[in-house]
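Read the structure below first, then the notes.
All chains are named by letter (A, B, ...) in the order of the sequence lines, taking the proteins before the strands, and each is independently numbered beginning at 1. The shown structure was predicted, so the numbers you read here are calculated from the model rather than taken from an experiment.
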Amino acid sequence: MDVDYAQVGLKAGLEIHQQLDTAYKLFCKCKPTLFKEEPEITFLRRLRPTQSELGQIDPAAYFEFQKGTKILYEANNQTSCLVEMDEEPPHELNMEAVEIALTVALMLNSKPIDEIHVMRKTVIDGSNTTGFQRTCIIALGGEIEIKGKKIPIQHVAVEEDAARKMGQEGSIIRYRIDRLGIPLIEIATAPVIYSPEEAKETALAIGRILRATGKVKRGLGTIRQDINISIREGALVEVKGVQELELVSLVVKNEVLRQLNLLKIRDELKNRGLTEEQIKEEFVNVTEIFKGTKCKVLRKAIESGKLVLAVKLPKFAGLLKMELAPNMRLGKEMADRAKFWGRVQGIFHTDELPGYGITPEEVERLRRLVKAQKDDAVVFVADTEENAIDALKAVVKRAKEALKGVPEETRAANPDGSTHYMRPRPGAARMYPETDVPPIRITNEYIEKLRTRLPELPEQKFKRLMEQYKLNRKLANQLMDSEYCELFEEIVRETNVSPTLVAATLTETLKALKRDGVEVWRISDSQLVDIFRMVGNGTIAKEAIPDVIVWLSKNESRTVKDAIESLGLRMLSEEEIKAIIEKIVQENSEFIRKRGAKASFGPLMGIIMRDYRGKVNAERVSEMLKKALERFA
Amino acid sequence: MSQGELQGYKGLVLNALKKAGVKIGDLIRITRNGETYEGILIPRSELGDDEHVVIKLKSGYNIGVRVTPKTKIERIGAGVKPSFAAPSPPSEKPGLPKVTIVSTGGTIASRVDYRTGAVRPALTASDLYSVVPELSEVAVVEADILFSVFSENITPQHWSEMAKHVASYIKKGVDGVVIAHGTDTMGYSAAALSFALQNLPAPVIFVGSQRSADRPSSDAATNLIGAVRAAAYAPFAEVALAMHETISDTTILLHRGTKVRKCHTSRRDTFKSINASPLARVEGEKITMLTENYIKRDKNRKLILKPEFEEKVALIKFHPGLNPAIIDWYVDNGYYGIVLEGTGLGHVGRYCFKSLERAIKKDVLVAMTSQCIWGRINMNVYDQGRDLLALGVIPLEDMLPETALVKMMWVFGQTKDFQEAKRLLKTNIAHEFSDRTLYEELP
């Protein structure tokens, strides 16, 4: 569907979070790294929604608290101390992080504030052991230019990254606190982005500035974009955790589609004459119907003593399966809500039945039992009574919202650019001062000093890449938007490989491999340098580079040498090539005589390269083959 | 305009704010060199300098704005008065045991004013119920504010007050008393009440928190629920202290008042039973006794109140190079007793002997404990110890130095007679001595 974004009134704002590459975490001297091993320390906590004078309590958090949700934290001694465990007050604010953020702020023309005050932002989903995230504004205002249009920056902040969610077993959510406390910079733009393309351009431009400092972390999960998106008549939806820059425009596109189609559903429901009062929290126990069902999920649930509870959604028939955007349907949104509020595995609805082993007869009986008419839909779940009721209540609530249009909510991005329900939108930010960290004065002298040693601006760097390394515009652009700009210069400095080959490999080749599912992020910088060193000194051919990268991605902690040996990629020696050419010429002597030396060159070169690509230097082979043919003639 | 309305501001900034006629909570605009900042005026920390105004931006963030003589401050709107609509507290369940919560300071329950960052204590029973609704399932709670004192400002006079106050509730027949207390000196207070409240019919439970109650991760609520549960249902009738057993929110340990010590500056499980097993463990609704040697709850037992303490008692930590003139100073200033925190098995340098001999000759009671924290002293092993015994220094076995100090203060509150004081000091009154030292006691 082609959408005129101006006409639908798209407004988007970006909040970019990027991990800073500091020596220590933001409020302690722990290493800002993650661990893969089993945790050495675990502890169990509950977070209580605290009351504020404003009387606001986060509804989702309060609900989880009431349901007795507990959090199991995982830690090891390398990456966490008592600070992350909320067993010791924070130490002083990491000034290295502040300095990087101030540098970024100055590059964005943002105005550093005079005195930094660390705040506590209440977050009680368990991702922070304290129940709040420590955050501070370090600069206000500024702008970034996107194709002649100025996108205002609202603020630049420094904050601590949250713990990583590792899983959930029943009412226990597991978080790992290695990531907690890693310094993040947050850059928030004004909501004046009017197209998906502009959103992407903005994200790319901010990304370039961040990387220009040379002090931001790279790799999976080190940058996360939150996008606020709304359209006219729609609602403000915040999509959290977009990890790939390429996804930014897709997420915006999909969200616009989603909202447009939700508005269509609203209109259709109104056309069908549905009113809110007709959607009722009337749950019917339909366990009896499925006692002998062939549906495995239902049978298993019933056998373990759970019940099947159903609710009628009047006039919803056909709308639950309607595609809102790729991989997004209203039925799935209801399922997401049911999972979140009811802790169920999923829901069944009549738009997708018969199916999953459920027969037409069972559907018929179900419809009869809940008194569903032809244009009604029926949703049912199999779980404990408490969970089933909570789940269906959430489904009913979502159905009522469908009649109103688009609900305001926080959604999370999936890797395919679709999104899923995450939680209701929190109320006004509940912040209060972090009294354990004293305010920090930022002097004019300090800012002036920083100003004199700002890193090269992206546009300057872009020009230099083209002039100094003779890169074409496209490659220079790709390099600027990759994480490898610095590495590129290092490789070119340390090897004698052509800059264009290095740039193309670090951008196009890696991107293509990534698209094919190769986990290129497993390759370390030093391995990449090694690969080019081998190309430079003739150990391997440039054609062999992709194979080496694929091998290394599957064999972590092995060396480039190992890869070359294992893949048999070593280049052939002069003598070996000579022998091969002689053999080919001999075998094809008839052919050469017939066609003549000149006309034979192409086909013979083809044969050699087919068999020895990656092990020989084509130019050298061509030279030697020409000579051999001349001799033969 | 009073200082209170511009809390924390001083000097140049205070004058500028006064001139602008603004007060905390007002919406203000600050203009300097063409730049403007708008936000709510926030109180300033007393330690802050006199050059910055703190405002809360619309986004909720606070920032400090430097004020120069050319900076313009104006009031652009009145602050929104915080209005708090507490969720209606759960109703009391009349059949449940009655527990009185006596507050001495610190905030076991509180709520935050997100507007200014102020933390306000929740002190009435209904406040407590609405902040910690689980309490209504445990007991019928009565809340009482005795004083609001940081725990480091507590003195033996406060112990007397606390003891008398608790006694009045016990006499009224409550099923247990909980005392909310700052953690720093809570161990001392627990020891003090262990001596002052004898023959208890019901438990008296001290409780505190290591993370302030305004944060979602606070240990206050879990500790409080555990303490109230113990006060209401525990089978013992002694003075105990309820705090986290580990850094998890799963179990609460009850430590005996005379055997407990704060052992970590910041951890939730800071309190440890020293040279003794903890009394009991609370896990969910279950209370498990961890020792068989305890005084059982008995409604008919008559409380004996002995709330007097004598402050002229000293605790001296021996260290290499200690100037013995300190001992002389105490003696010359009319002190009744000195508790020594000696090295190892109970020693002090020979260079202190003369002063100690003089003290004892002047009827100053001198007793020995160990700075090792764990273990029992034994002054018979080395010459030095035997010589101290010969001087008349009283060995206090496995008693904690802090408990020994509190006990000696209590002893001299009961009698000024040297021999009687010596007898009382050596009598096991509230499990301050134990006969055996067990392997598991060192964590």
**OP:** Run the numbers on B:Tyr37 and A:Lys111 for side-chain contact (heavy atoms from CB on, under 4.5 Å), then give the verdict.
**Re:** CA-CA 11 Å; B:Tyr37 300 88; A:Lys111 170 98 181 75; 4.0 Å; yes
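- The closest side-chain heavy-atom distance from B:Ile247 to A:Arg45 is below 4.5 Å.
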Original post:
Please walk me through it: do B:Leu57 and A:Met431 pass side-chain contact (heavy atoms from CB on, under 4.5 Å)?
Top reply: CA-CA 11 Å; B:Leu57 304 173; A:Met431 286 206 238; over 6 Å; no
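- Looking at A:Ala188, there are no atoms closer than 4.5 Å to chain B (heavy atoms on both sides), in backbone or side chain.
- No hydrogens or angles considered: nothing links the side chains of B:Ser248 and A:Tyr73 as a donor-acceptor pair under 3.5 Å.
- In this structure, CD in A:Glu87 is found 6.0 Å from CG in B:Asp269, a value given to the nearest 0.5 Å.
- Once rounded to the nearest 0.5 Å, the distance linking CG of A:Asp114 with OG1 of B:Thr68 reads 9.5 Å.
- Scanning both residues, B:Ser266 and A:Pro89, for their nearest heavy atoms gives CB-CD, 3.9 Å.
- Using a 4.5 Å cut-off on side-chain heavy atoms (C-beta onward), A:Met85 and B:Arg268 make no contact.
- Taking the charged nitrogens against the carboxylate oxygens, B:Asp219 and A:Arg46 have no contact shorter than 4.0 Å, which rules out a salt bridge.
- Only the side chain of A:Leu82 comes within contact range of chain B, with heavy atoms under 4.5 Å apart.
- Residues A:Arg48 and B:Pro133 are in side-chain contact: their nearest non-hydrogen atoms beyond the backbone lie under 4.5 Å apart.
- Contacts of A:Leu140 with chain B are made by side-chain atoms alone, with heavy-atom separations under 4.5 Å and no backbone atom involved.
- No more than 12 heavy atoms of other residues, nucleotides or ligands shown are found within 6.0 angstrom of CD on B:Glu285.
- In this structure the side chain of B:Ser59 reaches within 4.5 angstrom of the side chain of A:Ile137, judged on heavy atoms.
- For a residue to count as touching a neighbouring chain, one of its non-hydrogen atoms must lie under 4.5 Å from one of that chain's; by this rule A:Thr129 touches chain B with the backbone only.
- Chain A forms the most heavy-atom pairs under 4.5 Å with one residue out of B:Ala221, B:Pro216, B:Ser217, and that residue is B:Pro216.
- Dense packing is recorded around CD of A:Glu169, with more than 12 heavy atoms of other residues, nucleotides or ligands lying under 6.0 Å away.
- Within a 6.0 Å sphere centred on NZ of B:Lys72, heavy atoms belonging to other residues, nucleotides or ligands number 12 at most.
- Exactly one residue among A:Glu434, A:Glu115, A:His117 makes a side-chain contact (heavy atoms from CB on, under 4.5 Å) with B:Asn62. That residue is A:His117.
- Ion pairing of A:Asp86 with B:Arg267 is absent here, as no side-chain N (NZ or NE/NH1/NH2) approaches a carboxylate O to less than 4.0 Å.
- Rounded to the nearest 0.5 angstrom, A:Leu44 CG and B:Asp249 CG are separated by 7.5 Å.
- The local environment of CD in A:Glu40 is crowded, with over 12 non-hydrogen atoms from other residues, nucleotides or ligands closer than 6.0 Å.
- The distance from the OG1 atom of A:Thr435 to the CG atom of B:Asp214 is 7.5 Å, given to the nearest 0.5 Å.
- Interface residue A:Asn444: backbone and side-chain heavy atoms are both found under 4.5 Å from chain B.
- In this structure, OH in B:Tyr61 is found 11.0 Å from CD1 in A:Ile138, a value given to the nearest 0.5 Å.
- No salt bridge links B:Arg211 with A:Glu88; every basic N to acidic carboxylate O contact stays at or beyond 4.0 Å.
- Between B:Arg215 and A:Asp436 a salt bridge is recorded (basic side-chain N to carboxylate O distance below 4.0 Å).
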